[in-house]
Protein chains: 2
Amino acid sequence: MAVMTRWLDPDEQRTWRAYVAASRALMDALDRELQRDAGMPHAYYELLVRLSEAPDRQLRMSELAEASGSSRSRLSHAVARLEAAGWVRREECPTDRRGQIALLTDEGFATLAAAAPGHVEGVRRHLFDALSPAQVDQLRRISETLAEHLTGS
Amino acid sequence: MAVMTRWLDPDEQRTWRAYVAASRALMDALDRELQRDAGMPHAYYELLVRLSEAPDRQLRMSELAEASGSSRSRLSHAVARLEAAGWVRREECPTDRRGQIALLTDEGFATLAAAAPGHVEGVRRHLFDALSPAQVDQLRRISETLAEHLTGS
DNA sequence: GCGCTTTGGTTGAGCGTTCAACTATCTTCG
DNA sequence: CGAAGATAGTTGAACGCTCAACCAAAGCGC
């Protein structure tokens, strides 16, 4: 038997469209700024951040994929580029011969350190400056709920 | 004189990371579903929606770009693909000989109509079902504020 | 009417992501 | 042990987006 579609009511429509417009505009702006100022897309910046926070600035490819919410394939291509740029090195994993370890180089760390202030400033300008403290708190709860909901299913 | 970076405090960090994770996961999920079920990415689906809502199901390229928050170049490439798929047709603009009009074909409309229920269901499942009515309202206000803030600057 | 600028739109190269194979290693279990 | 299946990661093709360069038509100033 046919299941009726639960269409969006006008309020939900409005919410959904605003959400899509805002999040795309935000990500586009940050991507553009990061590309201009640091020569890398936001996704790559995030990979460097994750590595910089890891013990010895290194992670297994699968751990890095997990930490960054990236597919294995995407990560593989990305790390290849980051390696070509001299920001990351790959090493064999001593405990699992299938494994690869991605390691942030000093040059990668320096590039990240140079890019960080501008990027953070962008996040602040485009996001936090526009919202009240209460809204920031709401956005945190909403985002955490959604993230959990999405990765849980 | 050097301006100090206004770094993110731990709460802001948490908010920002959750936001990025959630919005990427959400868009990725919808993109994957739409690609699987309708053979088009979410961005193309949105173009068809905008056209379907326009008078006579047609819009000037520049209007469509504006309505969808897309660059002219992106739209040009996108419409070329949509045209190749038979979902959109291009026509000369009678009042401005530089102009092009993008027109949703019957086939495009039918494809859209077939894709809509599944997509709406996905939006509901991934987004609205996870949030309380109050949160949906908060998200609407936040998103509208952000969208305005971003496109205004 | 005639240059200058602006606007509308396209194009091609380069890059990042996805998807579907594919290889190699590890694990499990009879 | 040895075969079957799971896991780690890579690869190449197809596709979508960005950026800069470009062309054509429209508007503007004189």
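Quick note on labels: first sequence line is chain A, next is B, and so on, each numbered from 1.
A salt bridge is defined here as a Lys NZ or Arg NE, NH1 or NH2 lying under 4.0 Å from an Asp or Glu carboxylate O, and A:Glu92 with A:Arg97 fails to meet this definition. Looking at B:Arg17 and A:Glu144, no side-chain N of the basic residue comes within less than 4.0 Å of a carboxylate O on the acidic one, giving no salt bridge. A salt bridge is defined here as a Lys NZ or Arg NE, NH1 or NH2 lying under 4.0 Å from an Asp or Glu carboxylate O, and A:Arg90 with A:Glu83 meets this definition. Between B:Arg89 and B:Glu107 no salt bridge is recorded (no basic side-chain N to carboxylate O distance below 4.0 Å).
What separates CG of A:Leu82 from P of C:dC15 is a distance of 13 Å, to the nearest Å. The NE2 atom of B:His77 sits 13 Å away from the C1' atom of C:dC15 (whole-angstrom rounding). Counting to the nearest Å, the C1' atom of C:dC19 and the CG atom of A:Leu75 are 16 Å from each other. The nearest whole Å value for the distance from the CE atom in A:Met40 to the P atom in C:dT17 is 13 Å. Atoms CD (A:Gln100) and P (C:dT23) sit 18 Å apart, rounded to a whole Å. In this structure, A:Glu63 atom CD and D:dG9 atom P are separated by 9 Å, rounded to whole Å. Between A:Arg72 atom CZ and C:dC22 atom C1' there is a gap of 15 Å when expressed in whole angstrom units. One atom, OH of A:Tyr45, and another, P of C:dG16, lie 17 Å apart when rounded to the nearest Å.
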Polar atom pairs between nucleotides 21-25 of chain D and protein, under 3.5 Å, N or O only, would you list them?
none

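A side-chain donor-acceptor contact under 3.5 Å links A:Gln135 to the backbone of A:Ser132.
Taking both residues in full, the closest heavy atoms of A:Leu59 and A:Ala54 are given as CG-CB, 3.5 Å, listed atom of the first, atom of the second, then distance.
Neither side chain, B:Trp87 nor B:Thr105, offers a donor N or O lying under 3.5 Å from an acceptor on the other. A side-chain donor from one of B:Glu33 and B:His126 sits under 3.5 Å from a side-chain acceptor of the other.
You'll find that the side chain of A:Arg60 is closest to D:dG9, out of C:dT18, D:dC17, D:dG9. Listed candidates were C:dT18, C:dT11, C:dG16. Nearest to the side chain of A:Tyr44 is C:dG16. With D:dG9, D:dG16, C:dT17 as the choices, the nucleotide that has an atom nearest any side-chain atom of A:Arg74 turns out to be C:dT17. Comparing C:dG8, D:dT10, D:dT18 by their closest approach to the side chain of A:Arg90 singles out D:dT10.
Annotation: cation-pi geometry not satisfied between A:Arg140 and B:Tyr19 (NZ/CZ under 6.0 angstrom from ring centroid, within 45° of ring axis).
Mapped onto DNA chain D by nearest heavy atom, A:Ile101 and B:Ala78 fall at different nucleotides, with A:Ile101 at the one closer to the 5' end. Between A:Ser73 and A:Gly39, the residue whose closest nucleotide on DNA chain C is further toward the 5' end is A:Gly39. Position along DNA chain C of the nearest nucleotide to A:Thr95 versus A:Arg81 favours A:Arg81 as the more 5'-ward residue.
B:Ala43 comes within 4.0 angstrom of sugar-phosphate atoms only, judged by non-hydrogen atoms across all strands, and of no base. Using a 4.0 Å heavy-atom cutoff across all strands shown, B:Ala80 reaches no nucleic acid atom at all.
Residue B:Ser62 places at least one side-chain N or O closer than 4.0 Å to OP1 or OP2 of C:dG9.
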Requested in this report: Test B:Met61 against B:Arg72 for side chain to side chain contact (heavy atoms under 4.5 Å, CB included), laying out the working first.
Outcome: CA-CA 8 Å; B:Met61 291 294 280; B:Arg72 292 176 191 288; over 6 Å; no
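The stretch residues 16-36 of chain B has no heavy atom under 4.0 Å from DNA chain D, so no residue of it qualifies as close.
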